[in-house]
Amino acid sequence: MFEYAPAPESRDVVDIKPSYGLFINGEFVPGSSSFKTVNPANEEVLAEVAVASSDDVDRAVQAARKAFGVWSSMPGAERAKYLFRIARIIQERARELAVLESLDNGKPIRESRDVDVPLVAAHFFYYAGWADKLAYAGFGDRPLGVAGQVIPWNFPLLMLAWKIAPALACGNTVVLKPAETTPLTALLFAEICQQADLPPGVVNIVTGAGETGAAVVAHPDVNKVAFTGSTEVGRIIARTIAGTSKKLTLELGGKAANIVFEDAAIDQAVEGIVNGIFFNQGHVCCAGSRLLVQESVQDQLLDSLRRRLSTLRLGDPLDKNTDIGAINSADQLARIRQLSDLGEQEGASRWSPACELPEKGFWFPPTIFTGVAQSHSIAREEIFGPVLSVLTFRTPAEAVEKANNTPYGLSAGVWTEKGSRILWMADRLRAGVVWANTFNKFDPTSPFGGYKESGYGREGGLAGLEAYLDV
């Protein structure tokens, strides 16, 4: 047995400024007030960040409106050059972006480095390729105008790329509001826009809390709203823009079923289950938070799963060996604890591997609940943490019924060696994405989005262009 040796990534590769302003019309400007963003792994203050008032948001929208005339009339091939340039700078500064993402968000550096940042660059490369081919996409080539975009804290930089890359490729300009707890990579992206000589006002970044986001959504001169976040806030946004001409895409909550049949490769399925719910500490809208396992293999699979969880390392997000990082905020940790306690009170059995939690910061061990009923809160509500609810089924029809017994419909996973069963299940699962013998696989060419309370509209792929064009 080898001794564990830490392999920390250097903090010195990123220069965090003491304070950050708002990025409006190509420049950093002061806000009306400020807030602190902290490192969730140790509660250390990272920086002071400006809060955008409604007047600041108005200035950002005006800058975007003015830039729209220049940007939208530019030939697609010229817009593509800027997007390609941004993509290459992201690749050049990948290490810096990955470290900053892990510091501000709490996710393991391995995930930031190997998943988030490469996908961010890939989205800009992909949509750069579309910028001069819009006439062949089937949606026309008329941009909408100013896009108001509000993104969450779980994938701060990746959600920015999902929103900004297609908007710019189609000729729109952007006012983006990052999450209050994770603004730093968006502000570094603003510096990348300056480095790429992007025309002033094409991208504007306004930081703050819910009030700032509400001001972006409600602004009368915003033509398109894109939001990723909770279903509760999505409802508020839908009500806010009802009766206006604004286009809207919503990517909201999820309670995905990860379905394992008795003929599945168990060890492969266990890896997929771990990736499905413990990746990014379970802070994933499409996380496989409900495991549906065929009764005949339940004991075998759970034994294997518990063994695998016992090998996961929880700790310093900047350690390259870390599998489970910090929970993003004290508020989110409180919600995870509340719902987990409720799971026990309602009669489910709770298990976590032996796990030493750091004294400072926001931490929660990987947790499995067995004996879960469909009526239990932990089987119905989105916990958004490293908590897996295990249910069983006997027949494929029962698996479909249980998987669809949720108000959400963002994603699902199917594990079986039979291709015909995969297709049969995929036809019947009410989910925007169905993964087969894998989970959490993303690609810029593939559309992503949900049914029911998981939202509407698609991001990514050819379908992702439609949301930013006047169809």
### Query
When you measure from the centre of the six-membered ring of Y82, is the NZ or CZ of R79 under 6.0 Å away and within 45° of the axis?
no

### Query
Is a salt bridge present between K163 and E459, judged by a nitrogen-to-oxygen distance below 4.0 Å?
yes

### Message
side chain to side chain contact (heavy atoms under 4.5 Å, CB included), that's the test. Do I86 and F189 meet it? Break it down for me.
### Response
CA-CA 9 Å; I86 288 169; F189 179 80; 3.7 Å; yes

### Query
Less than 4.5 Å apart, any side-chain heavy atom of I273 and any of V260?
yes

### Task
Check whether the side chains of T231 and E453 place a donor and an acceptor atom closer than 3.5 Å, and report yes or no.
no

### Query
Side chains of P40 and I327: does their closest heavy-atom pair fall under 4.5 Å?
no

## Note on the structure
Between the NZ atom in K224 and the CG atom in L469, the distance rounded to the nearest 0.5 Å is 10.5 Å

### Message
Are the side chains of F35 and E180 in contact, using a 4.5 Å heavy-atom criterion?
### Response
yes

### Query
Heavy atoms, side chains only, cut-off 4.5 Å: are P386 and I336 in contact?
yes

### Atom of L252, atom of S230 and distance for their closest heavy-atom approach
CD2-O, 3.5 Å

### Message
Does N275 form a side-chain hydrogen bond (donor to acceptor under 3.5 Å, both in side chains) with E271? I'd like the steps, not just the answer.
### Response
CA-CA 6 Å; N275 183 42; E271 289 305 309; over 6 Å; no

### Message
Check D116 with K107, please: is the shortest side-chain N to carboxylate O separation under 4.0 Å?
### Response
yes

### Message
Closer than 4.0 angstrom, basic N to acidic O: yes or no for E44 and R11?
### Response
yes

### Query
Is the backbone N or O of G145 less than 3.5 Å from a side-chain atom of N172, with the two atoms forming a donor-acceptor pair by type?
yes

### Task
Report yes or no: does H219 contribute a side-chain atom to a donor-acceptor pair with the main-chain N or O of A215 at less than 3.5 Å?
no

### Message
Counting C-beta onward and ignoring hydrogens, is there a side-chain heavy-atom pair between P358 and L314 closer than 4.5 Å?
### Response
yes

## Note on the structure
Value for CG (L100) from CD1 (I16), rounded to nearest 0.5 Å, stands at 5.5 Å

### Atom pair SG/CZ of C286 and F448 - distance to nearest 0.5 Å
4.0 Å

### Query
Hey, does the side chain of R430 reach the backbone of N404 with a donor-acceptor pair shorter than 3.5 angstrom?
no

### Query
Should we say atom NZ of K66 is surrounded by more than 12 heavy atoms from elsewhere, each under 6.0 Å from it?
no

### Query
Under 4.0 Å between a Lys/Arg side-chain N and an Asp/Glu carboxylate O for R350 and D341?
yes

### Task
Go through S53 and D55 one step at a time and tell me if the side-chain hydrogen bond (donor to acceptor under 3.5 Å, both in side chains) criterion holds.
CA-CA 5 Å; S53 65; D55 288 343; 4.9 Å; no

#### Entry: Atom pair OH (Y127) and CD1 (I164), whose distance is rounded to the nearest 0.5 Å
13.5 Å

### Task
Evaluate the ring pair (Phe, Tyr, Trp, His ring centres under 6.0 Å) criterion for residues F155 and F442: first the C-alpha distance (whole Å), next the side-chain angles of each, then the deciding distance (0.1 Å), finally the verdict.
CA-CA 13 Å; F155 291 93; F442 295 100; 7.3 Å; no

### Task
Test W363 against C355 for side chain to side chain contact (heavy atoms under 4.5 Å, CB included), laying out the working first.
CA-CA 11 Å; W363 304 92; C355 194; over 6 Å; no

### Polar contact flag, side-chain donor to acceptor under 3.5 angstrom, S102-S112
yes

### Query
With no hydrogens and no angle check, is any side-chain donor or acceptor of E382 less than 3.5 Å from a backbone partner on G254?
yes

#### Entry: Donor-acceptor pair, side chain of N258 and main chain of L291, under 3.5 angstrom
no

### Message
Do the side chains of E9 and R95 get close enough for a salt bridge, i.e. N-O under 4.0 angstrom?
### Response
yes

### Query
Can any side-chain N or O of W435 pair as donor or acceptor with the backbone N or O of K441 at less than 3.5 Å?
yes

### Query
Are any side-chain N or O atoms of N280 and backbone N or O atoms of N154, one a donor and one an acceptor, separated by less than 3.5 Å?
yes

### Task
Could you check Q374 against E401 for side chain to side chain contact (heavy atoms under 4.5 Å, CB included), going step by step and ending with a plain yes or no?
CA-CA 11 Å; Q374 292 187 84; E401 190 177 343; over 6 Å; no

### Query
Is there side-chain contact between V174 and Q149, with at least one heavy-atom pair below 4.5 Å?
yes

### Task
Report yes or no: do D104 and T37 form a side-chain donor-acceptor pair below 3.5 Å?
yes

### Task
Using a strict cut-off of less than 4.0 Å between a Lys/Arg side-chain nitrogen and an Asp/Glu carboxylate oxygen, indicate whether K247 and D470 qualify as a salt bridge.
no

### Message
Distance check, rounded to the nearest 0.5 Å: L318 atom CG versus R110 atom CZ?
### Response
13.0 Å

### Message
Keeping R290 on the side-chain end and K402 on the backbone end, is there a donor-acceptor pair under 3.5 Å?
### Response
yes

### Task
Measure the spacing between CZ of F125 and CD1 of I90 and express it to the nearest 0.5 Å.
8.5 Å

### Message
Apply side chain to side chain contact (heavy atoms under 4.5 Å, CB included) to residues I236 and V217 and explain how you reach the verdict.
### Response
CA-CA 10 Å; I236 294 169; V217 168; over 6 Å; no

### Query
Does L410 reach the side chain of E251, with side-chain heavy atoms less than 4.5 Å apart?
yes

### Message
Measuring only between side-chain heavy atoms, which start at C-beta, is L97 closer than 4.5 Å to V120?
### Response
no

### Query
Does one side chain, of S454 or K255, offer a donor that lies under 3.5 Å from an acceptor on the other?
no

### Query
Taking the six-membered ring for Trp, are H283 and W153 parallel (under 30°), tilted (30 to 60°) or perpendicular (over 60°)?
perpendicular

